[in-house]
Each structure stands twice: as C-alpha cells, then as structure tokens.
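One is the number of the first residue; the rest follow in order along the sequence.
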Amino acid sequence: MRWWDIDPVLELEKDLFPEDAWSRGMFWSELAHARGPAATRRYVVAMEGDRIVGYGGLAAQGGEPDSGATAIGDIQTIAVRRDQWGTGLGGELLTELLRAATAFECAEVMLECRVDNIRAQKLYERFGFEPIGFRRGYYQPGNVDALVMRLTTGQPGSGSATGPTSEQGTEING
C-alpha cells in the first residue's frame, strides 16, 4: 500500500466498517512506518485490474537486532470487498502478512476480531490462530467486544506463510 491507495482504501473501509472505520490520518501514520531500513509495518493492497479489492496491514514490535528479544506481530487490519468474499482473497492477504511477520522475525502474531465476525474468525483458525481472550467494548462506538487471537510460531522467523490462494488473477502489492 502506498499513499495514493489511501482514498480507495478509505472508501472500502467505510463500506465494510461503517461504525469504526479508520481515518485518513490513521492510514498515513501506519504507512509512515512501512518503508526504509527501520520499517515496522507492512501494508498491502489486492488489485483486480485497477480496482482495489482488499487490503491488510501488520505491525511488528520488539526484536531489535542483537537484543535477544523476540518480535511480536499484530495484524492491524484485513478487509476484502463484499463481492470478493469466499474467493480466498482474505487468505492471500493473511498469507502475505504472515510472510512479513516471518521477515520481521516475529515469534508470535496477534490480532483482534469482532466477536460477531465469524467469517474472519474461521479464516484465522484455518491459519492456526487460537482464541486467547476478549477485549470488552473494544470496537467503538458500537461497544462490540473483540476476540483476541494468537498464532505462536515457536521461534523467531518460523511463522506459517501458507494458506489458501485465489485463482482470479488478483495481484497483491505492498
């Protein structure tokens, strides 16, 4: 994802998450940490022709070189246009984010998912994420609880980067 993708991403964001859509500033802030040698973010868009049909983002923290600390990844967002649901695109986006987690040498990857988003929960479970708790009222203003999920890889850099793929010719761009 690059700065010129923000406007079409915002349109999709507002359609899919009308109550708690990210702002332009939130995306700019995340993208500010996605380039260069000290990058701690990876944001991607899925394109079908010249149309953005999905996007996702990962943040990594910790794991400074030579510190002995392990990095932890956090899936910030994954979104897929409604007309693309069931095509495997969510799995492709998640696969790309898990590859980024491997590159960041994350020992585990965390995420929050709305408790009422069963479709997303099933996707994450297929990739090995396990529920570990709840965050009450996490999604505002709707006061919807978040299910916290974790994928433990066991060691830095060993994250799973496999999963379903789409055969629609969708291109994932970072």
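- Closest approach of Arg114 to Gln121, counting heavy atoms only: O-NE2, 3.1 Å.
- Salt-bridge annotation for Glu48 and Arg81: absent, with no side-chain N of the basic residue lying under 4.0 Å from a carboxylate O of the acidic one.
- In this view, Asn117 satisfies the side-chain hydrogen bond (donor to acceptor under 3.5 Å, both in side chains) rule with no residue, not counting sequence neighbours.
- The two residues Leu93 and Ala46 make their nearest non-hydrogen contact at CD2-CB, 4.2 Å.
- The CG atom of Asp5 sits 4.0 Å away from the CD1 atom of Ile52 when rounded to the nearest 0.5 Å.
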Assess the residue pair Asp74 and Gln61 against the criterion (side-chain contact (heavy atoms from CB on, under 4.5 Å)); give the C-alpha distance rounded to whole Å, side-chain angles, the decisive distance to 0.1 Å, and a yes or no.
CA-CA 8 Å; Asp74 189 31; Gln61 60 184 347; 6.0 Å; no
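- Taken to the nearest 0.5 Å, the CZ atom of Phe27 stands 10.0 Å off from the CD atom of Gln76.
- For Tyr124, there are no side-chain hydrogen bond (donor to acceptor under 3.5 Å, both in side chains) partners two or more places apart in sequence or in a different chain.
- Residues Leu123 and Ile118 are members of separate hydrophobic clusters, defined by side-chain heavy-atom contacts under 4.5 angstrom among Ile, Leu, Val, Met, Phe, Trp and Tyr.
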Run Leu10 and Arg24 through side-chain contact (heavy atoms from CB on, under 4.5 Å) and show every step you take.
CA-CA 7 Å; Leu10 282 173; Arg24 179 182 315 282; 3.7 Å; yes
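- Linking ILVMFWY residues whenever their side-chain heavy atoms come closer than 4.5 Å, directly or via other members, places Val44 and Trp4 in the same cluster.
- Atom OH of Tyr139 and atom CG of Asp116 lie 9.5 Å apart (nearest 0.5 Å).
- The pair Arg99-Glu96 meets the salt-bridge criterion, since a charged nitrogen lies less than 4.0 angstrom from a carboxylate oxygen.
- Looking only at side-chain heavy atoms (C-beta outward), Val9 and Val45 come within less than 4.5 Å of each other.
- In this structure, Gln140 contributes its side chain and Gly137 its backbone to a donor-acceptor pair below 3.5 Å.
- Here the straight-line distance linking atom SG of Cys106 with atom CG of Leu98 works out to 9.5 Å at 0.5 Å rounding.
- For Asp50, the side-chain hydrogen bond (donor to acceptor under 3.5 Å, both in side chains) test picks out no residue, with sequence neighbours left out.
- Counting heavy atoms from C-beta outward, Leu111 and Val148 have side chains that stay 4.5 Å or more apart.
- The closest donor-acceptor contact from the side chain of Glu13 to the backbone of Trp22 lies under 3.5 Å.
- The shortest distance between side-chain heavy atoms of Asp20 and Val144 does not fall below 4.5 Å.
- Put simply, CE on Met110 and CG on Leu58 are 12.5 Å apart, with the number rounded to the nearest 0.5 Å.
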Atom pairs and distances, donor-acceptor, side-chain atoms in residues 128-136, under 3.5 Å, two or more places apart:
unit_1 : atom_1 : unit_2 : atom_2 : d
Arg135 : NH1    : Glu112 : OE2    : 2.3
Arg136 : NH1    : Asp145 : OD2    : 2.9

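- The salt bridge (Lys or Arg N to Asp or Glu O under 4.0 Å) check on Arg41 picks up Glu30, with sequence neighbours excluded.
- A pairwise comparison of heavy atoms in Leu147 and Val115 identifies N-CG1, 3.8 Å as the closest pair.
- Interatomic distance, Leu89 CG to Asp83 CG, rounded to the nearest 0.5 Å: 10.0 Å.
- Side-chain contact check for Thr95 versus Phe127: some heavy-atom pair is nearer than 4.5 Å.
- Looking at heavy atoms from C-beta onward, Tyr43 lies out of side-chain contact with Arg2 at the 4.5 angstrom threshold.
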Run Leu31 and Ile6 through side-chain contact (heavy atoms from CB on, under 4.5 Å) and show every step you take.
CA-CA 10 Å; Leu31 291 179; Ile6 291 176; 3.8 Å; yes
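- Judged as a side chain to side chain contact (heavy atoms under 4.5 Å, CB included), and not counting sequence neighbours, the contacts of Arg82 are Asp15, Leu16, Trp85.
- A distance-only check finds no donor-acceptor pair linking the side chain of Ser29 to the backbone of Gly25 [under 3.5 Å].
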